[in-house]
Amino acid sequence: MAPGQERDSVIIRNDTAYIIKQPVVITKKVYVSPSKPATEKNSHFFIVPYFQTSYSLDYITVCSLQRPYYNQIKEHTNPRLNYTFGALAMLRKKRFLFNLDVGYTSYRERFAIQETTSLNRHQVLTASLDFGYSIFKNKDPFEILLTAGVGYLHTLGYEGSTLDKDDHSNIITLSEQRTYDKSSLIANGKILGAYQLDTRKTLLFGPVYSANILSITRKRVPFGKWRHNMGFMLGVAIGL
């Protein structure tokens with residue numbers, strides 16, 4: 001008899017046999033495979049448009065022979081807030097980040113002596129390769145990203161006034177003085193908070209640092225080099 005099958009019952013009444021059919025129950029083993037958990041993608045690509053403001057901590061780096069002249073420049077020149085418009089191409093693999101950072105920056109300073117005042121501007125393009133890592137990640141939509149990298153700075157132009165290095169009492173334009181570096185190597189670092197807005201967008205914000213570490217042109221004594229800069233970045237990472 002098959003498993004789960006019951007025998008028929010026989011009842012005899014008044015010499016008459018009655019056969020009562022019993023229901024037949026057939027059982028069969030069923031194997032259910034648990035569904036596999038959804039796996040997250042290990043690699044993501046993002047485009048990050050951003051805006052950044054910064055302030056130059058020191059911006060005159062010269063040799064000792066030129067120090068008296070540049071001390072006068074520094075006495076009459078004060079940094080102003082700089083601004084940057086840029087974009088990151090970000091490749092993320094698990095907790096690791098690889099970025100290409102391209103930006104336009106306008107460095108600004110106020111030059112004032114006697115009755116002459118000028119808002120000096122120095123426009124540059126920068127491109128850098130950065131490496132980053134996520135140091136805090138859990139199920140919440142917030143994490144912290146650390147990045148650092150090196151790159152290239154190219155001067156587009158500058159405008160404003162300064163003192164003539166041959167005649168300190170004479171005020172000339174920066175284009176006449178021609179003391180800006182045309183190009184240099186730069187270094188930068190970022191500490192960014194990342195808050196996930198939805199499945200494709202993440203808000204990035206936090207302090208940034210940049211520095212000119214080496215002049216490439218080396219043709220003139222650098223003035224207005226903005227060697228160390230601290231700022232704040234705000235951007236949105238858009239997943240592709």
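Computed over heavy atoms, backbone and side chain alike; hydrogens, waters and symmetry mates excluded.
In this structure, CD in E143 is found 13.0 Å from OH in Y195, a value given to the nearest 0.5 Å. Note that OG1 of T116 is 11.0 Å distant from NE2 of H76, once rounded to the nearest 0.5 Å. The OH atom of Y50 sits 6.5 Å away from the CE atom of M233 when rounded to the nearest 0.5 Å. Taking CZ of F232 as the reference point, atom CD of Q52 lies at 10.0 Å (rounded to 0.5 Å). Between the CG atom of N188 and the CG atom of L153 there is a distance of 11.5 Å, given to the nearest 0.5 Å. T162 contributes atom OG1, which lies 8.0 Å from atom CD of E109 (distance to the nearest 0.5 angstrom).
Using a 4.5 Å cut-off on side-chain heavy atoms (C-beta onward), T147 and Y133 make no contact. Between I171 and L163, some side-chain heavy-atom pair lies under the 4.5 Å cut-off. L97 has its side chain out of reach of D130: every pair of non-hydrogen atoms, C-beta onward, lies at least 4.5 Å apart. With a 4.5 Å cut-off on side-chain heavy atoms, T126 and I186 count as touching. Contact of the Y158 side chain with the L156 side chain is not registered, since no non-hydrogen atoms from C-beta on lie closer than 4.5 Å.
The aromatic rings of F131 and F96 sit tilted relative to each other, their planes meeting at an angle between 30° and 60°.
For T202, the side chain to side chain contact (heavy atoms under 4.5 Å, CB included) criterion is met by A194, Q196, L204, A237, not counting sequence neighbours. Partners of T199 under the side chain to side chain contact (heavy atoms under 4.5 Å, CB included) rule, at least two apart in sequence or in another chain, do not exist in this structure. Residues satisfying the side-chain hydrogen bond (donor to acceptor under 3.5 Å, both in side chains) criterion with S118, sequence neighbours excluded, are N120. I191 pairs by the side chain to side chain contact (heavy atoms under 4.5 Å, CB included) definition with I144, L146, P207, not counting sequence neighbours. Annotation: side chain to side chain contact (heavy atoms under 4.5 Å, CB included) contacts of S106 (sequence neighbours excluded): Y83, Y104, R108, R121, Q123.
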Stepwise side chain to side chain contact (heavy atoms under 4.5 Å, CB included) test for E159 and T173: CA-CA 7 Å; E159 57 187 12; T173 64; over 6 Å; no

Could you walk me through whether S128 and Y152 satisfy the side chain to side chain contact (heavy atoms under 4.5 Å, CB included) test, starting with their C-alpha distance in whole Å, then the side-chain angles of each, then the deciding distance to 0.1 Å, before giving a yes or no? CA-CA 6 Å; S128 66; Y152 173 79; over 6 Å; no

Take Y55 and M230 through the side chain to side chain contact (heavy atoms under 4.5 Å, CB included) test and state the conclusion after the steps. CA-CA 6 Å; Y55 186 80; M230 294 295 296; 5.8 Å; no

Should F85 and T105 be marked as a side chain to side chain contact (heavy atoms under 4.5 Å, CB included) after you check the CA-CA gap, both sets of side-chain angles, and the distance that decides it? CA-CA 7 Å; F85 295 97; T105 300; over 6 Å; no

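L100 shares a hydrophobic cluster with V102, L129; the chain of contacts runs through ILVMFWY side chains whose heavy atoms sit under 4.5 Å apart.
Under 3.5 Å, the side chains of S56 and N82 contain a donor-acceptor pair of N or O atoms.
In the hydrophobic cluster analysis, where Ile, Leu, Val, Met, Phe, Trp and Tyr join through side-chain heavy atoms closer than 4.5 angstrom, L192 is grouped apart from I47. Tracing side-chain contacts under 4.5 Å through hydrophobic residues (I, L, V, M, F, W, Y), one never reaches F111 starting from I172; they form parts of separate clusters.
With R110 contributing its side chain and A112 its backbone, the two residues share no donor-acceptor pair below 3.5 Å. Without hydrogens or angle criteria, N99 side chain to D101 main chain gives no donor-acceptor distance under 3.5 Å.
Around the CZ atom of F205, the shell of radius 6.0 Å holds more than 12 heavy atoms that belong to other residues, nucleotides or ligands.
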